[in-house]
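In what follows, a structure is listed as structure tokens, so that the remarks can point back to it.
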Amino acid sequence: MNFSEIEKKWKERWKKEEVFKTDVWDFSKPKFYALDMFPYPSGVGLHAGHVEGYTATDVVARMKRMQGYNVLHPMGWDSFGLPAEQYAIKTGNHPDGFTEKNIQTFKGQLLDLGLSYDWSKELATSDPKYYKWTQWIFANLYKDGLAKLVDMPVNWCEELGTVLANDEIIDGKSERGGYPVIRKNMKQWVIDIPKYAEELIDGLETIDWPESTKEMQRNWIGKSIGALVKFKVKDTDKSFDVFTTRCDTLFGATYCVLSPEHVLVDTITTKEQKKDIEEYKKICASKSDMERTELNKEKTGVFTGAYAINPVNNKEIPIWISDYVLATYGTGAIMAVPAHDERDYEFALKFGIDIIQVLEEETGTKQENETKKNSIVAILYDEETDKYLTLNWGNKGGRLFIGGTIKENESAIDCAIREIAEETGYTEIELVKELPKINHHYYAFNKDKYFNIESTGFVFKLVGKNRQDQNLDDDEDFKVEWVEKDAIEQITDELHHKTYEYYVNDGAMVGDGIHINSEFLNGLNKNEAIDKMIAWLEEHKLGKKQVNYRLREWIFARQRYWGEPIPVVHMEDGTIKVLKDEELPLVLPELKDYSPCKNGTSPLEKATDWVNIKVDGQNAKRETSTMPGSAGSSWYFLRYIDPNNDKEIADKKLLKHWMPVDLYVGGPEHAVGHLLYSRMWNRYLYKKGIAPTEEPFQKLVHQGMVLGANGIKMGKRYPEFSINPNDIIREYGADTLRFYEMFMGPIEADKPWSTKGVEGAKRFLDRVWRLYESDKIKDVDDKSLEKIYHQTVKKVTEDFESLHFNTAISQMMIFINAVYKEEVFPKKYALEFLKLLNPIAPFMTEELWEKMGHDKTIAYETWPTYDADKIKEETYTMIVQVNGKVRGKLEVDTNTSKDKMEELSKEIPNVKNHIDGKSIVKVIVVPKKLVNIVVK
RNA sequence: GCUUGCGUGGCGGAACUGGUAGACGCGCACGACUCAAAAUCGUGUGGUUUAUACCAUGUGGGUUCGAUUCCCACCGCGAGCACCA
């Protein structure tokens with residue numbers, strides 16, 4: 001088979017005859033919209049990962065066409081981007097030419113692959129005919145209050161005079177030059193995507209997407225339900241709100257923290273604290289986001305000198321500032337409950353702030369008529385031997401730490417010291433820490449009573465080995481033993497085990513439990529208490545229920561040249577005017593020099609004639625920032641449907657017919673960027689009556705990464721393991737490349753490249769080719785292949801539909817192997833098989849189809865159907881198990897009754913061996929499958 | 001740390017709602033064709049074992065007549081998020 005000649009021939013013919021051109025106005029057939037994430041046309045060209053995703057949609061598109069669908073399968077270019085801009089800066093040429101050249105390279109490669117795109121729908125985001133509508137959408141977002149200019153903190157480098165992205169900052173200094181970077185408030189264009197947070201979460205329920213991607217979007221949006229609580233500042237008329245998801249712990253709030261940027265900080269700070277606060281604020285401002293969020297960093301903060309009033313008990317609690325509270329989340333202020341929050345705990349410990357426990361974990365089972373007691377559990381640790389002191393109660397309770405009941409007028413700590421001395425004799429001990437209290441229910445054998453105790457845990461360390469005499473009660477019968485960690489972990493008693501856990505985990509108690517020290521919440525669990533507290537706060541007008549999102553505004557401006565100009569002008573009087581529809585597109589001006597301005601503003605500032613204009617007789621200045629790369633890609637799926645329309649985004653009737661996208665394939669790296677932005681823009685356009693569906697992409701699939709043969713990501717690091725699709729096409733042919741990539745494994749998985757595997761793919765296609773050149777194909781009615789043929793049609797159709805290309809191919813191999821074993825390959829099967837193989841290997845199947853006497857393309861031939869009756873088996877292999885182990889197999893008629901199955905099973909010699917002399921306990925018969933005989 | 005996905009032969013990977021683990025391919029071995037090689041066409045191929053049999057789906061438990069599949073704990077790998085109150 002001369003694949004390069006065949007490929008050349010069919011590429012030309014498909015192009016000349018416009019075989020894959022879609023008449024979008026033909027509504028007579030059902031529609032299918034198969035879409036790939038369009039690429040940035042880089043100079044490097046296509047890589048192996050693109051091939052996999054693009055082939056997958058192409059296979060489905062080709063099958064759907066044959067199944068009688070009107071298929072829209074377009075391709076275009078996400079052509080605004082940095083490489084073109086850098087090229088322009090370096091050469092002084094307009095990025096347009098560079099972009100166009102890359103597009104041609106890319107397009108040539110896609111054509112080489114035999115992808116059945118309708119190129120009459122081609123679009124590019126950098127084309128003014130296209131970005132006219134990107135600007136139009138922006139203008140409408142602005143008019144509807146969803147695009148706005150806001151003051152927000154950015155990373156500012158004074159020396160470079162520019163805003164920097166997080167990844168351009170290293171250790172708080174600029175990547176280039178190492179100049180200091182500070183946080184500064186600046187005017188920025190943003191899109192108010194948080195307004196759509198709720199419906200973006202809800203919409204996920206209605207679409208067929210990978211669960212992991214949905215979850216990622218949910219996490220990204222980060223919805224949390226809680227309460228807003230108002231705290232008054234003592235001796236002033238000021239107050240501030242905090243957001244909390246744990247308003248049930250309000251009685252345990254022992255301080256408040258404001259973020260350093262909080263508006264109230266300056267007004268409430270006392271004279272004595274002013275200097276420290278100012279200094280701390282300065283340090284925070286000099287830090288980048290990266291540094292501020294660095295993990296395992298020790299907590300820092302400064303006391304403002306002011307006090308807040310806890311609204312539930314009117315207690316005065318200190319107000320601190322700390323950078324562990326983010327200005328951008330919630331209200332920028334928190335109430336701190338160190339007993340029940342890890343971060344607050346750490347902070348309180350460091351600065352010696354009170355820790356009040358308001359929730360107790362409950363262990364054991366609650367009983368009626370319990371006797372209440374207070375007690376202790378004491379852990380005594382010896383550093384020298386790395387052992388713990390335990391009491392071994394034998395079968396009367398197993399191994400325990402030291403425990404005991406608190407006497408009247410005795411403190412918990414005194415009780416612990418006393419119990420250790422009485423039960424073990426050790427007195428030379430030192431308190432290490434107190435652990436959270438636990439609410440425990442248990443039954444005491446020696447007293448025959450149920451107890452409910454509040455147990456306080458203590459950790460001591462041994463400082464001396466001297467012992468006094470033990471002082472035991474009559475019923476105390478145990479051995480005092482020092483044991484290692486392993487033995488401790490085997491303690492089964494719930495109370496002692498839990499106490500040990502608190503000791504090991506060393507922190508706040510964040511789980512559920514029963515409220516204590518909380519007045520009207522006492523006795524309630526977490527959720528009950530949250531509800532009750534919210535009701536209480538609302539009743540007393542001190543707070544209310546509140547939902548918060550992590551999702552932030554989408555920063556929509558870049559100080560770059562190669563992007564869509566933002567279509568607004570700034571009037572001399574400070575107002576903003578958005579361009580009218582007829583003024584669009586606002587086309588990028590040509591520049592002599594595309595490099596960025598020294599003061600950090602957009603290169604467009606240099607186009608003075610373009611920038612400075614008169615509007616309504618007033619001096620005005622155009623906005624010079626451009627839109628981010630994600631702008632043009634947020635709606636392109638709508639434009640493919642009607643790409644040359646200059647009256648609107650696309651004809652409404654066409655949109656209604658073609659949306660949503662039925663199959664969307666692309667890499668998982670866009671899970672929260674492009675895929676979230678697109679959903680938001682589509683929803684916005686839906687509300688405006690333009691987009692016909694709430695969600696743009698009905699079914700989404702991510703292709704995995706194609707790894708190098710060494711199992712490592714292809715790229716600069718191991719260039720010797722990188723695969724260039726061009727080389728594969730030249731050496732093995734496009735059909736082989738497509739076939740191999742579809743056979744590698746599941747589409748979503750990452751898979752290593754294997755040259756041997758490519759050769760195997762080629763071998764199979766050659767094997768098929770030889771079969772069609774042999775004299776085996778005869779126009780006769782031969783039944784030998786009937787069953788396997790129908791099975792193959794069924795399997796391939798279903799697997800293509802569900803994107804399980806690897807197993808579809810495996811079935812085609814099974815079929816061809818079967819054909820090789822037969823003398824005759826009936827012509828009707830030979831013809832139908834070509835159709836099954838066509839979506840994977842379009843070039844050779846077109847050629848063979850022609851060789852078998854057809855002058856029209858195979859692309860629109862009717863997809864094979866199967867006859868379920870022909871697949872039905874008359875017999876099957878019945879499995880016979882004894883005690884779940886296969887002991888025999890028997891070919892039986894499909895209609896064999898359960899009784900007959902059982903009877904036949906018992907006659908199999910090997911089965912007999914295994915059941916003879918044993919009694920049959922039970923026989924499980926699963927019709928059409930197996931018999932399992934359970935014996936004893 | 002949190003969220004999520006994944007651990008099956010020498011390798012890529014199959015196995016539907018629990019029911020013959022390892023389909024198909026790669027590799028390897030053997031045979032046919034050939035003077036020979038390549039290509040091609042067959043046959044075999046998880047491990048131990050002479051067969052019977054036993055052991056095998058990351059590890060350890062559990063549910064079940066029966067678990068790669070369901071549940072619990074742990075280990076390892078990948079992805080995303082990361083002081084989100």
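Each chain gets a letter, A, B and so on, in the order the sequences are listed, and its residues count up from 1.
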For [X], report the nucleic acid contact type (base, sugar-phosphate, nothing); a contact means any heavy atom under 4.0 Å.
| X | value |
| --- | --- |
| Asn219(A) | sugar-phosphate |
| Ser224(A) | sugar-phosphate |
| Val926(A) | base |
| Ser754(A) | nothing |
| Pro746(A) | sugar-phosphate |
| Ile334(A) | base |
| Asn910(A) | sugar-phosphate |
| Lys821(A) | sugar-phosphate |

Can you tell me if [X] touches the phosphate of [N], counting only side-chain N or O atoms and a distance under 4.0 Å to OP1 or OP2?
| X | N | result |
| --- | --- | --- |
| Lys922(A) | C65(B) | yes |
| Arg887(A) | U20(B) | no |
| Lys885(A) | C55(B) | yes |
| Arg767(A) | C41(B) | yes |
| Asn817(A) | C41(B) | no |
| Arg550(A) | A85(B) | no |

Position toward the 5' end of RNA chain B (nearest nucleotide), Trp220(A) or Asp750(A): Asp750(A)

Gly745(A) or Glu211(A), whichever maps to the more 5' nucleotide of RNA chain B: Glu211(A)

Heavy-atom donor-acceptor pair, Gln881(A) side chain to Asn883(A) backbone, under 3.5 Å: no

Provide the closest heavy-atom pair for [X] versus [Y] in the form atom of the first, atom of the second, distance.
| X | Y | answer |
| --- | --- | --- |
| Val358(A) | Ser518(A) | CB-OG, 3.5 Å |
| Gly330(A) | Asn548(A) | CA-ND2, 3.6 Å |
| Trp769(A) | Met844(A) | CZ3-O, 4.1 Å |

Interface residues of residues 802-809 of chain A with RNA chain B (non-hydrogen, below 4.0 angstrom): Asn806(A), Thr807(A)

Taking the [atom1] atom of each, how far is [N] from [M], in whole Å?
| N | M | atom1 | answer |
| --- | --- | --- | --- |
| U20(B) | G31(B) | P | 36 Å |
| A56(B) | U68(B) | P | 10 Å |
| C74(B) | U3(B) | P | 13 Å |
| U69(B) | A14(B) | C1' | 14 Å |
| G5(B) | C11(B) | C1' | 22 Å |
| U43(B) | C24(B) | P | 11 Å |
| C26(B) | U40(B) | P | 10 Å |
| C41(B) | A53(B) | P | 37 Å |

Base G80(B) paired with Glu215(A) side chain (donor-acceptor, <3.5 Å): no

Under 3.5 Å donor-acceptor pair, Lys756(A) side-chain atoms to C11(B) base atoms: no

Ion pair check, Lys900(A) and Glu907(A), cut-off under 4.0 Å: no

Salt bridge Lys223(A)-Glu198(A), side-chain N to carboxylate O under 4.0 Å: yes

Closest approach to the side chain of [X], judged atom by atom: which nucleotide of [options] is it?
| X | options | result |
| --- | --- | --- |
| Ile924(A) | A85(B), G19(B), U4(B) | G19(B) |
| Tyr329(A) | A23(B), U20(B), A85(B) | A85(B) |
| Tyr820(A) | G12(B), G27(B), G42(B) | G42(B) |
| Thr244(A) | A85(B), A23(B), G12(B) | A85(B) |

Quick one: [X] [atom1] to [N] [atom2], roughly how many Å, whole number?
| X | N | atom1 | atom2 | answer |
| --- | --- | --- | --- | --- |
| Arg763(A) | C41(B) | CZ | C1' | 13 Å |
| Glu501(A) | A73(B) | CD | C1' | 13 Å |
| Lys889(A) | U20(B) | NZ | P | 10 Å |
| Leu771(A) | U40(B) | CG | P | 15 Å |
| Leu707(A) | A79(B) | CG | C1' | 13 Å |
| Glu891(A) | U20(B) | CD | P | 15 Å |
| Trp209(A) | G80(B) | CH2 | C1' | 15 Å |
| Met813(A) | G13(B) | CE | C1' | 12 Å |

Does [atom1] in [X] sit with more than 12 non-hydrogen atoms of other residues, nucleotides or ligands closer than 6.0 Å?
| X | atom1 | answer |
| --- | --- | --- |
| Lys776(A) | NZ | yes |
| Lys787(A) | NZ | yes |
| Lys350(A) | NZ | yes |

Plane angle bin for Tyr255(A) and Trp320(A) - parallel if under 30°, tilted between 30 and 60°, otherwise perpendicular: perpendicular

Geometric class of the Trp554(A)/Tyr677(A) ring pair [parallel <30°, tilted 30-60°, perpendicular >60°]: parallel

Syn or anti for G9(B) (syn when the glycosidic angle lies within 90° of 0): syn

Canonical and wobble pairing (Watson-Crick, G-U, under 3.5 Å) of RNA chain B, dot-bracket with |: (((((((..(((......[....)))((((((.......))))))(((....)))..(((((..]....))))))))))))....

Rounded distance [0.5 Å steps], CG in Leu707(A) versus CE in Met744(A): 8.0 Å

Val263(A), Val325(A), Val242(A), Ile321(A) screened by side-chain contact (heavy atoms from CB on, under 4.5 Å) with Leu258(A), the one that passes: Ile321(A)

